[in-house]
Amino acid sequence: MTNDARPEAKDQGKSEHHLIEVRRGKAARIRERGENPFANDVVAGELPLTDLRDVRASFDGVRGEDGRYIAETVLPTAFRVAGRVLFVRGFGGMTFVRLRDRTGELQAVCEEAGLGEAFARLEDLDLGDIVEVAGTAMATKKGELSIAAKSLRVLTKAFRPLPTKTSFKDVEQRYRMRYVDLVANPEVSQVFRARSQIVSAVRRFFDSRDFLEVETPTMHPLIGGAVAKPFRTHHNALDMELFMRIAPELYLKRLVVGGFERVYELARCYRNEGISTRHNPEFTMLEYYQAYATYETLMAQTEEMMRFVDAELAKAMPTEHAGWLSSRRFTFERFERLPMKAALAKALELAGLPLTVTDLVDQPDAPIKDWAKTAKANGRELDWANFRTGMKKCTSTGERTFVAYEYVAEPFLTRDYREGDKSVPVFITDYPFEVSPLARKQDADGTLVDRFELFIDGKEVCNAFSELNDPEDQASRFQSQVDAKERGAEETMDYDHDYIRALEYGMPPAAGFGMGVDRLVMMLTGSPSIRDVVLFPLLRPE
RNA sequence: GGGUCUAUAGCUCAGUCGGUAGAGCUGCGGGCUUUUAACCCGUAGGUCGCGAGUUCAAGUCUCGCUGGACCCA
């Protein structure tokens, strides 16, 4: 081995390591001067620390039409600011240092005249360092508001270089190191600010309607509230198997029994299923329950909520919202409502297919090729193979209607229901009872339940129904879930005896609602993947 | 689980017909007293995801594996 002879050259061969070593060396030099490269004494200064946004705001009055500042009108007011260094641009005897804090950006102008000996120490400054600058306001010849630095020191030395100019694009790296993503890609931090605004607006909407926000268990002894595969865990002291919640539904309805007639929860849920652009193993669901309401009450309320949340987002982030709005392919101006059977019939008609498709598609002699040809001629390509497989698994007419709707109608909702060049959100109503084990049957037609799902831009965002509060009906629905499990069904709910007991005490007539918060954020911010709206999505270990 | 694409410097990317590795940014050294992706000169930085195969010769062609992205289930 010859590398022992030239250890330094070997070190330099590892480029990233080299970059880090250079920065560690600068930190050491800062220490040698008696300063701390990880200082935490900014609060001690005589001048208070000012947010960069507020420095700018102080000079709003003298800003020109073009956004520039005129040197003579910017009074040399003293400020102390802090932030991350976005660039250091040396220009002979002066150096420009651009800072960013959570409120905005501002540059410091450094000259030997202002900084004295400290000017030479700028060589220890790197992109990404957190610094404190004290000085006086000024405007450059190009009209940029700046701080003429009288002092500048490193508060936090960044050992690793941040990506610059060329952005940080590797998708996996961005999710893995979100802290870098948030600094390097400003539009990413805008989406997460929007998420916060959206959640806050949702809370205001329900708080103002006299709903009570609650927190219910995320570790459940039984699988319930939805049809999904759960994560399993174990409680040692009780030696008890537990499931991470797949939905908060059954606990929230227990609270309705207890007299909390209007409750909601922003509930983190966990489902042990695949990962895709629309699925993360943990996600946030809004569920709310309202006594003395029906699914029709909730449909109207959903329209109001969507418009309210979007308007609040526009108020909070007008610039960003305008951008998102302009590329939106859907509108909230009008919502369509239509029963599932009608949606299916219309979709069949538009595809030029007979109504009998629903009955015959999984028969051995079904003329699939002809149907496929006809549908394609009408501009509709159906996933016939999966349609047939799905149908074969069905054990009731209700399930068949649902599967047919899923393959024939749902993929085309954005195309079939439009207002100008935008798609219209569609409420699909009147679901078969077989696919809705917790919903109330319709008084007029017991094969259907009072339920809707809302599709925005073709994606399912909400699911709601008038709640089943008849304990005997509920018991038989639980029983059929248990029977299905015995027949080999993979995803079923457990029989929840305590929930039946709760219903036996009497739950007022009520309606309940669930919404994927992550999906709503995707809609409103035009984000194509759920991983763009979840700060730390689940990834394979490094 | 199926399909398509993809992996080259710390970052963003070139690399033609198979001929032995390139640019910009970052870093380092120097110049420049109002920059805005500053600019100019110099310099450093690579096991071309991993493993086989074909070939005189593979970043490039073939096969397998692994990771990732997107679409479908």
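Chain A is the first sequence line, chain B the second, and so forth, proteins listed ahead of strands; every chain is numbered from 1. Worth knowing before you read on, the calculation uses all heavy atoms, side chains too, and leaves out hydrogens, waters and symmetry mates.
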Response to the item:
Stems for RNA chain B (at least 3 consecutive Watson-Crick or G-U pairs, under 3.5 Å) come to B:1-7 with B:66-72, B:10-13 with B:22-25, B:27-31 with B:39-43, B:49-53 with B:61-65
Discussion item. As a test of reading the structure: which of C13(B), G27(B), C72(B) is closest to the side chain of Arg278(A), going by heavy atoms?
Written reply: C72(B)
Worksheet item: Between Asp170(A) and Tyr175(A), do the side chains contain an N or O donor and an N or O acceptor separated by less than 3.5 Å?
Response: no
Worksheet item: Rounding to a whole Å, what distance do you find between Glu111(A):CD and C32(B):C1'?
Response: 14 Å
Worksheet item: Distance from Lys346(A) atom NZ to Phe412(A) atom CZ, nearest 0.5 Å?
Response: 13.5 Å
Worksheet item: In whole Å, what separates the P atom of G46(B) from that of U34(B)?
Response: 38 Å
Practice prompt. Could you tell me the separation between the OH atom of Tyr69(A) and the P atom of U36(B), rounded to a whole number of Å?
Written response: 19 Å
Discussion item. Can you measure Phe96(A) atom CZ to A37(B) atom P for me and round it to whole angstrom units?
Written reply: 13 Å
Worksheet item: Which of these nucleotides, U34(B), C11(B), C13(B), is closest to any side-chain atom of Thr140(A)?
Response: U34(B)
Worksheet item: Closer to the 5' end of RNA chain B via nearest nucleotide, is it Met138(A) or Gln173(A)?
Response: Gln173(A)
Discussion item. Taking the nucleotide of RNA chain B with the nearest heavy atom to each, does Phe91(A) or Ser146(A) sit closer to the 5' end?
Written reply: Ser146(A)
Discussion item. Is Thr277(A) close enough to C71(B) that one of its side-chain N or O atoms is under 4.0 Å from OP1 or OP2 there?
Written reply: yes
Fill in: Selection: residues 381-402 of chain A, any non-hydrogen atom under 4.0 Å of RNA chain B
Asp383(A), Asn386(A)
N/O to N/O distances under 3.5 Å, protein versus nucleotides 66-68 of chain B:
| from | atom 1 | to | atom 2 | distance (Å) |
| --- | --- | --- | --- | --- |
| G67(B) | OP1 | Arg540(A) | NH1 | 3.4 |
| G68(B) | OP1 | Arg540(A) | NE | 3.0 |
| G68(B) | OP2 | Arg540(A) | NE | 3.2 |

